[in-house]
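Worksheet: one structure, shown below.
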Amino acid sequence: MAQEASSSTSSKTISLKTGDGEIFEIEASAAKQMKTVQRLIDDLGDDITIPLHNVFSKELPKIIEYYKKDITGEITKDFEAEFVKDLNDDEVKVLFLAANYLDANKLFEFLSQNIADRLESKSVEYVRKYFGVENDFTPEEESKLREERAWSFRGIKEDE
Amino acid sequence: MTTEITDLSLDLIEFILSHLPIPTLIQASTVCKLWHTIISSSSFSSNHKHKHKPWFFLHGIHNISSKNNQSFAFDPSSNSWFLLPTPQQPLHYPNNTSFIGTSSFFFITAPNFLYTPIINPLVWYSTPPLNFPRINPLLGVFNDDCSFKFIVVGGVRFIGNLVDIEDRLDVEIYDPLLGSWDLAPPLPADFRSGNSSSSLSSALFKGKFYVFGIYSCFVSSFDLKLCVWSDVKIVRPIGVVFSFMIACRERLILAGVCNSPSGSSFNLWEVDEKSMDFYEIGVMPHDLLCSLFDGDEDDKFASLKCVGLGDLIYVFNEDYHRMYPACVCEIRNGKCYWRRVPQLPSLMNKFHKVVSFCSNVSLHSILGEGQHHGLH
């Protein structure tokens, strides 16, 4: 239902179209938190469906869910834990890239910390695969480095 | 369903890495050569999210057999203890000469002056001996324009195998560019001579070296540029039994045991460095304080010690038999957040003495060119 364009309406919704052609609605105040979206609104106007070529229908609803909570000030540690609980490492990475593209600062920072937390207990080989990085150390170089810093590979956590 | 571009740019990778604790980053530096360069760079170290969370070190010394010495380090960001490589005992040094840890180095102060990096203690570096070799002095490492300098205050004169408790020893400052120790006026006489690091605490804060009497509550500061001591003042909150002065980020803190009609507590005060006025900013939760002790003897607090830096203050019981229980307080936005430090791993040897201190740990020093030089 079209609404009168008004700069102060808080109930105005913006239409966003994902790279795979689906359309989602978001409140204008939530859109403000995503600087890329806001810039597009400033350029194209808020009555037009905003195209987001690099965000897809798998991620956008999750991002909208986050900012729905954010504008009501309800983001808590519990909410954030629940938010990522069922996401695997690759799904979080895709969400992180989307948050980066959208310039959605709060979500971006939260997901960076979450990825770091997930990687903390992973092996070096896993980290290489996760970021698509080639190992260019020779086996001798690598084993020398690991030996020099062997103590850091053996952290002792309390059994709690 | 194939995903779109899922490889992150280097900027994004670096941003994620800056959230990781140091031990994980040391491992991550072995991912590839580019990552090693990034992680060991000084700019990465200065953007690191945990750079204001110093580590807590316990170096255990066995009086007879130095092979039993052990170095433990606690990383508050990963909440884990690490067993570090122990420095080799330098040749011809009795095991229990003055051994001090501060600012990422171990020091031996008598008969010669030696230092080695805590994390990579491969080699002992030496300076010319102090003009007045001494044991148990207060020691600080500070930055003066472009280079590091050492400052040595107080301590007990070491002559051969004898100690002389009468002298008030001059302050000595080492300039690595000149390769020599300069003399400066000794600690004011109000601090009784022969006082050593067991009754004094020190803090480097805003260009001054503060010395504080743990029981006397006397304080004086040495201006590192002008090389003069301030007047001696007393900083004694009501009920304080003993306390320590700590240089945190942006604040000078007093931390100590306080008696009141309702019992004993461990309190923190912020001290104004100009006026030496103080006001309370936090109190350790009572159950946390009790968890550091076994019984209820009158003098149980005597083994309580406190060190700190950056955003953290560590309080611990220097009691071997209880495996040095500790807790840490994080100061965030002016508020105090207390928690227990996990128990030391049980692979602890028997020690006669423990050297405990707090120090920042720099990736750049561990991984970069810093690992091959003493000072840089």
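FYI, side chains are in, hydrogens and waters are out, and symmetry mates aren't considered; it's all heavy atoms of this structure. Labels below follow one simple rule: chain letters A, B, ... track the order of the sequence lines, proteins then strands, and each chain is numbered from 1. Please read all numbers here as calculations on a predicted model, not as lab measurements.
Heavy-atom proximity under 4.5 angstrom to chain A picks out B:Ile26, B:Gln27, B:Ser29, B:Thr30, B:Val31, B:Cys32, B:Lys33, B:Trp35, B:His36 from residues 26-37 of chain B. Near-neighbour residues of residues 49-59 of chain B relative to chain A, defined by a heavy atom under 4.5 Å from a heavy atom of that chain, comprise B:Lys49, B:Trp55. Contacts between residues 98-110 of chain A and chain B, defined by a heavy-atom separation under 4.5 Å, are made by A:Asn100, A:Phe108, A:Glu109.
For the options B:Leu12, B:Leu84, B:Ile13, heavy-atom pairs under 4.5 Å to chain A are most numerous at B:Leu12.
How far CD1 of A:Ile115 is from CG of B:Leu20: 10.5 Å, rounded to the nearest 0.5 Å. For the atom pair B:Ile366 CD1 and A:Arg149 CZ, the distance stands at 8.5 Å (nearest 0.5 Å). Here the straight-line distance linking atom OH of A:Tyr130 with atom CG of B:Leu8 works out to 7.5 Å at 0.5 Å rounding. The CD1 atom of B:Ile16 sits 11.5 Å away from atom CZ of A:Arg118, with the distance rounded to the nearest 0.5 Å. Put simply, CH2 on A:Trp151 and CZ on B:Phe72 are 13.5 Å apart, with the number rounded to the nearest 0.5 Å.
More than 12 heavy atoms of other residues, nucleotides or ligands sit less than 6.0 Å from atom CD of A:Glu74. Within 6.0 Å of atom CD in A:Glu22, more than 12 heavy atoms from other residues, nucleotides or ligands are found, so the atom counts as buried in its surroundings.
At a 4.5 Å heavy-atom cutoff, the contact between A:Glu134 and chain B is made by backbone atoms alone. Within the 4.5 angstrom heavy-atom criterion, no atom of B:Leu25 approaches chain A. Within the 4.5 angstrom heavy-atom criterion, only side-chain atoms of A:Val133, from C-beta onward, approach chain B.
Taking A:Arg146 as the reference, nothing meets the salt bridge (Lys or Arg N to Asp or Glu O under 4.0 Å) condition, with sequence neighbours excluded.
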